[in-house]
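Below is one structure, written out as structure tokens; comments come after it.
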2 protein chains.
Amino acid sequence: MLFRPNPSSGVPIYLQLMEQVKHNIETGALRPGEQLPGIRPLAEELVINPNTVAKAYRELEHEGVIELRHGAGAFVSANARKEQTEKLRAAQAMVAATVEKLQARGITGQEIRRLFEAELTKSSVTGGHSD
Amino acid sequence: MLFRPNPSSGVPIYLQLMEQVKHNIETGALRPGEQLPGIRPLAEELVINPNTVAKAYRELEHEGVIELRHGAGAFVSANARKEQTEKLRAAQAMVAATVEKLQARGITGQEIRRLFEAELTKSSVTGGHSD
DNA sequence: TAAACTGTACTACTGATATAGCACAGTATT
DNA sequence: AATACTGTGCTATATCAGTAGTACAGTTTA
């Protein structure tokens, strides 16, 4: 479970933590229903702020990977490997494939990011122009 | 050529401008070799800062879409519709298809963004974990 | 060469995000 | 109920992308 968060990789610590938790669930190191380390202990272990762990946990809960119970703790979702995670896993595989193809065609990561940002915003723009 | 940049759509103005220029090249409104509007006049026309136009132009040059000649002006690249733009167009189509599929599966834009960020950073992280 | 155009470079301001610090609220165990 | 654990919420700080302001450098034309 323990890893070394790299603050200077440009990758947000909470995202690194999320990936780590997911990976541990996939490998079976964390079973459905099992309790995750508390926010404060884990934060102290990783030498990061508890709030950063809390954010990672909250995001994971939003993805349906874990379940947060106020006062009780954080637990691996019962159907973590079944529904939500499976869906995200498929999505992740699709994304990975696309990124891989793009990179193989010589498109830089920066370019890929721009393309996706443009595509995502294209769908979320409220409406047309006012005039 | 003229459009209304929407500062509150969450889409960077310089990106909107880039898309607009590309679109005009695709539709033939701007021909290869043709000179684009100057940075200052265009900025005044769009009621934005000249530097924002400059950034869009610089990015477009980096993509090979246009060519900047210091003191002379900005010109549509001779092979704008052939090589570079075609490549980016294909990439954009690929990205669009992936995003569309993901959204059809109920994945939110925010989730998609996270997935891509994770995937992109996964490729750029220096090494693995130390312990 | 001089003037009026062109793009370029540098610095500053603003807003959003990641992170951190501290106080609050719920749960479990005694 | 009390204590010690758990997650939650609010506020502050640092960093970065986007944007803006201003001064500089190259090109063209008269």
Side-chain angles (χ1 to χ4, degrees), chain A residues 4-19 21 33-62 65-77 109-111 113-114 116-118 120-121 124, chain B residues 5-19 21 33-62 65-77 109-110 113-114 116-118 120-121 124:
Chain A
R4 283 270 167 275
N6 192 348
S8 47
S9 357
V11 191
I13 298 177
Y14 81 96
L15 269 181
Q16 296 182 38
L17 217 186
M18 286 175 66
E19 287 301 320
V21 171
E34 187 174 350
Q35 182 168 8
L36 281 79
I39 288 182
R40 284 174 176 264
L42 182 54
E44 192 165 348
E45 196 67 48
L46 302 178
V47 199
I48 59 181
N49 195 283
N51 212 332
T52 303
V53 179
K55 181 166 188 175
Y57 276 17
R58 170 182 294 191
E59 292 290 319
L60 286 172
E61 184 192 37
H62 178 250
V65 177
I66 70 177
E67 185 180 345
L68 292 178
R69 303 182 58 181
H70 195 170
F75 304 85
V76 179
S77 184
Q110 214 49 356
E111 295 288 2
R113 189 166 305 180
R114 288 288 143 74
F116 264 90
E117 288 296 327
L120 288 175
T121 50
S124 58
Chain B
N6 192 346
S8 46
S9 359
V11 191
I13 297 177
Y14 80 96
L15 269 181
Q16 296 182 39
L17 217 187
M18 286 175 66
E19 288 300 320
V21 171
E34 186 174 350
Q35 183 169 8
L36 282 79
I39 288 181
R40 284 175 176 264
L42 181 55
E44 192 164 348
E45 196 67 50
L46 302 179
V47 201
I48 60 180
N49 196 281
N51 212 329
T52 303
V53 178
K55 181 165 189 174
Y57 276 17
R58 169 183 294 190
E59 292 289 319
L60 286 172
E61 184 192 36
H62 179 251
V65 177
I66 71 176
E67 186 181 344
L68 292 179
R69 303 182 58 181
H70 194 170
F75 303 86
V76 178
S77 184
Q110 208 58 350
R113 186 168 306 181
R114 287 289 144 73
F116 264 89
E117 287 297 326
L120 288 174
T121 51
S124 58

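Because the structure is a prediction, the values reported are computed rather than measured. Proteins get letters first, then strands, A, B, ... in listed order; numbering begins at 1 in each.
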(message) If you only use heavy atoms from C-beta on, which nucleotide in C/dT19, C/dA23, D/dA20 is closest to the side chain of B/Ile48?
(response) D/dA20
(request) Check every atom of C/dA20, D/dT8, C/dA18 against the side chain of A/Pro12 and return the nucleotide holding the closest atom. (result) C/dA18
Between atom [atom1] in [X] and atom [atom2] in [N], what is the gap in whole Å?
{"X": "A/Asn49", "N": "C/dA20", "atom1": "CG", "atom2": "P", "answer": "5 Å"}
{"X": "B/Leu36", "N": "C/dC5", "atom1": "CG", "atom2": "C1'", "answer": "16 Å"}
{"X": "B/Glu59", "N": "C/dG7", "atom1": "CD", "atom2": "C1'", "answer": "16 Å"}
{"X": "A/Ile13", "N": "C/dA20", "atom1": "CD1", "atom2": "P", "answer": "5 Å"}
{"X": "B/Tyr57", "N": "D/dG18", "atom1": "OH", "atom2": "P", "answer": "19 Å"}
{"X": "B/Glu67", "N": "C/dT6", "atom1": "CD", "atom2": "C1'", "answer": "14 Å"}

(message) I need the minimum non-hydrogen distance between B/Tyr57 and B/Ile66, along with the two atoms involved.
(response) O-CD1, 3.4 Å
(message) Tell me whether the count of non-hydrogen atoms from other residues, nucleotides or ligands lying under 6.0 Å of CD in A/Gln35 goes above 12.
(response) yes
Check: protein-nucleotides 25-29 of chain C nitrogen or oxygen pairs below 3.5 Å:
from: C/dA25; atom 1: N3; to: A/His70; atom 2: NE2; distance (Å): 3.1
from: C/dG26; atom 1: O4'; to: A/His70; atom 2: NE2; distance (Å): 3.4
from: C/dG26; atom 1: N2; to: A/Gly71; atom 2: O; distance (Å): 3.2

(request) Report the C-alpha distance between B/Leu17 and B/Leu46 in whole Å, list the side-chain angles of each, state the deciding distance to 0.1 Å, and finish with yes or no for side-chain contact (heavy atoms from CB on, under 4.5 Å). (result) CA-CA 10 Å; B/Leu17 217 187; B/Leu46 302 179; 4.3 Å; yes
(request) Report the distance from atom CD1 of B/Ile39 to atom CG of B/Asn51, rounding to the nearest 0.5 Å. (result) 8.0 Å
(request) Remember a base hit wins even if backbone is also touched, and classify B/Ile39 as base, sugar-phosphate or nothing at under 4.0 Å, heavy atoms. (result) base
Is the phosphate of [N] approached by [X] (side-chain N or O, under 4.0 Å from OP1 or OP2)?
{"X": "A/Thr52", "N": "C/dA20", "answer": "yes"}
{"X": "B/Lys55", "N": "D/dT19", "answer": "no"}
{"X": "B/Arg58", "N": "C/dA9", "answer": "yes"}

(message) I'd like to know if B/Asn51 reaches the base of D/dG18 with its side chain, counting only an N/O donor and acceptor under 3.5 Å.
(response) no
(message) Under the criterion side-chain contact (heavy atoms from CB on, under 4.5 Å), I'd like the reasoning laid out for B/Leu15 against B/Met18: C-alpha separation, chi angles, the key distance, then a yes or no.
(response) CA-CA 5 Å; B/Leu15 269 181; B/Met18 286 175 66; 4.1 Å; yes
